[in-house]
Chemist: 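Okay, here's the structure, questions in a sec.
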Amino acid sequence: MRLSRYFLPVLKETPAEAQIASHRLMLRAGMIRQQAAGIYSWLPLGWKVLNRIETIVHEEQRRAGHLPMLMPTIQPADLWQESGRYDAYGPEMLRIRDRHDRDLLYGPTNEEMITDIFRTHVGSYRQLPMTLYHIQWKFRDEVRPRFGVMRGREFLMKDGYNFDLTKADALHAYNRHLVTYLRTYERMGLTAIPMRADSGPIGGDDTHEFLVLAETGESEVFYDADVADLRLGDRAIDYDDRAQCEAIRAEWTAPYARTDETHDEARFAEIPERRRRVGRGIEVGQIFYFGTKYSAAMGATVLDHDGNRVPVHMGSHGIGVSRLVGALIEAHHDDKGIRWPEGVTPFGAGIVNLRQGDAKADAASEGLYEKLVAAGVDPLYDDREERAGAKFATMDLIGLPWRITVGPRGLEKGVVELTSRATGESHELDPEAAVARLAEVYAGR
RNA sequence: CGGGGUGUGGCGCAGCCUGGUAGCGCGUCGGUUUUGGGUACCGAAGGUCGUCGGUUCGAAUCCGGCCGCCCCGACCA
């Protein structure tokens, strides 16, 4: 993308309403625009990041055999009356009425609807196990939206639902989801720790929340330092291997890690003092096993081996996709701006032409741009006739992981400068080597 | 929902107390400057002062209602 053709309304001054770093930076980098309390437009740069996150979530879900689909944002009220949650959910649910006076609602979640779909089309244990998911906008009419997209009223969420014949099968689905979530966050450059949680209004027995450590997090967290060091890395995972999924769950849940809701001071005290950590975290996902709560209430049953009609065991699993954009920035920024991890960056690299209008510099920059596009790096080329300082400041603000600086001084020596946003380190390379380096970084993306 | 703020060009703010031609900085547009970390200069466009009503010869300014937004708390992905 050429910056001269892009829509990137960056702000030099910080809008007054933004209190935390991610909100300020998203507004300043021209990623979002607030339309009402807790409701945002996603401008091209913000949309691109959101899309990257969505793509990673899809890839990791499908890798585990989970089936993508899409349910509507607007739901009929009668499904919720059937489950009993129409009254229970309270004023957080946005209720609407259509021209025929039919009661509708903007979905805050989809358990009822997915259960309805399942019960009308699935009747045999032979079709199990099954996990369906979608990534769709939700609305919860929060009393006090805040922190930009981290606590909006409208938000994008991945929610998935597993249907299993037995509790043991459903617990495998639970473990499998835990593994997919660990991989998903790790690919985004985040350390997200699973913590035992309260089940809240969704209800259920087994549940973990995933928290990204950040000073601005809404929850107080208590954990064993060891858990923050765990990595899946590139280990091969067979999602149908129950023992492997269970072992990974055990590996991540053995060290103590809890939020203030479930914190147990006595158990915490058993951890050696040098490994005890108290901090704050942002919740970016949650997994639940809730048994037959909805299937029994809504008649989602299958025939088992013996011909008995039994309610299916279910779980639901969510990732806050739009919230992750904020959480990522909270975890990765400095005083100049955002520092995107390579996995989620909106553009792979920036090209700064220090002498736009100069024939040699333009030709070199254009050449680099074409080659990086061809190599799949998806560069952003700053081809504006602007001051160098302004160009660098823009690049620092929007936080692309790599920057190539092209200027007359370097070109006399036949080199350009490749700079890492994360470390600030620069290297002079010939242009071909810079392209090769970045092509390697983004290979397979 | 309780408490505290705030609303003036796209953004950040002053003006309000003490009523009398709506201002500053940034950004934007047109020039000059050719710049190696947000240069400088000249010129220009852009505002029903949140909204409705009241007081007044006259309201951004005083009074009242309503609405929006922000912060703290309770609540929540």
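No experiment lies behind these values; they were computed from the predicted model shown. Every chain is numbered from 1, with letters handed out A, B, ... down the list of sequences. When reading the values below, keep in mind they use all heavy atoms of this one structure, side chains included, and skip hydrogens, waters and symmetry mates.
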Chemist: What is the separation between atom CD on A:Glu283 and atom P on B:C75, rounded to the nearest whole Å?
Modeler: 15 Å
Chemist: So which of A:Met71, A:Met69, A:His58, A:His317 actually passes side chain to side chain contact (heavy atoms under 4.5 Å, CB included) with A:Tyr133?
Modeler: A:His58
Chemist: B:C1 P sits how many Å from A:Arg144 CZ, rounded?
Modeler: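 Going from A:Arg144 (CZ) to B:C1 (P), I get 15 Å.
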Chemist: Would you please classify the geometry between the A:Tyr181 ring and the A:His177 ring as parallel, tilted or perpendicular, with 30° and 60° separating the classes?
Modeler: perpendicular
Chemist: Using a heavy-atom cut-off of 4.0 Å across all strands, would you classify A:Glu209 as base, sugar-phosphate, or nothing?
Modeler: nothing
Chemist: Taking atom P of B:U34 as reference, at what distance in whole Å does atom CZ of A:Arg355 sit?
Modeler: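 A:Arg355 atom CZ is separated from B:U34 atom P by 10 Å.
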Chemist: What is the distance, rounded to the nearest whole Å, between atom CD of A:Glu142 and atom C1' of B:A74?
Modeler: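 My rounded result for the distance is 12 Å.
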Chemist: Assign A:Gly318 to base, sugar-phosphate, or nothing according to its heavy-atom contacts below 4.0 angstrom with the strands shown.
Modeler: nothing
Chemist: Going by centres under 5.5 angstrom and planes under 30 degrees, do the aromatic ring of A:Phe155 and the base ring of B:A77 stack?
Modeler: yes
Chemist: Can you check the A:Arg384 CZ to B:G38 P distance for me, whole Å?
Modeler: 14 Å
Chemist: At under 4.0 Å, does any side-chain N or O of A:Gln356 touch on OP1 or OP2 of B:U35?
Modeler: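 Indeed not, no polar side-chain atom of A:Gln356 lies that close.
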Chemist: Looking just at side-chain N and O atoms, do A:Asp383 and A:Asn353 make a donor-acceptor pair shorter than 3.5 Å?
Modeler: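 No, because no side-chain N or O of A:Asp383 sits under 3.5 Å from a partner of the opposite role on A:Asn353.
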Chemist: Do A:Glu60 and A:Thr180 have a side chain donor and acceptor closer than 3.5 Å?
Modeler: no
Chemist: Tell me the partner of B:C1, counting only Watson-Crick (N1-N3 plus N6-O4 or O6-N4) or G-U wobble (N1-O2 and O6-N3) with both under 3.5 Å; none if nothing fits.
Modeler: B:G73
Chemist: Send over the distance from A:Asp159 CG to B:A77 P, rounded to a whole Å.
Modeler: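 Those two atoms, CG and P, are 13 Å apart.
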Chemist: Whole angstrom is fine here: how far is it from CD in A:Glu385 over to P in B:G31?
Modeler: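 Atom CD in A:Glu385 sits about 11 Å away from atom P in B:G31.
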Chemist: Please state how far atom CD1 in A:Ile39 lies from atom P in B:C70, giving the value in whole angstrom units.
Modeler: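 Spelled out: CD1 on A:Ile39 to P on B:C70 is 11 Å.
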Chemist: Just checking A:Gly320: base, sugar-phosphate only, or nothing, at a heavy-atom cut-off of under 4.0 Å?
Modeler: nothing
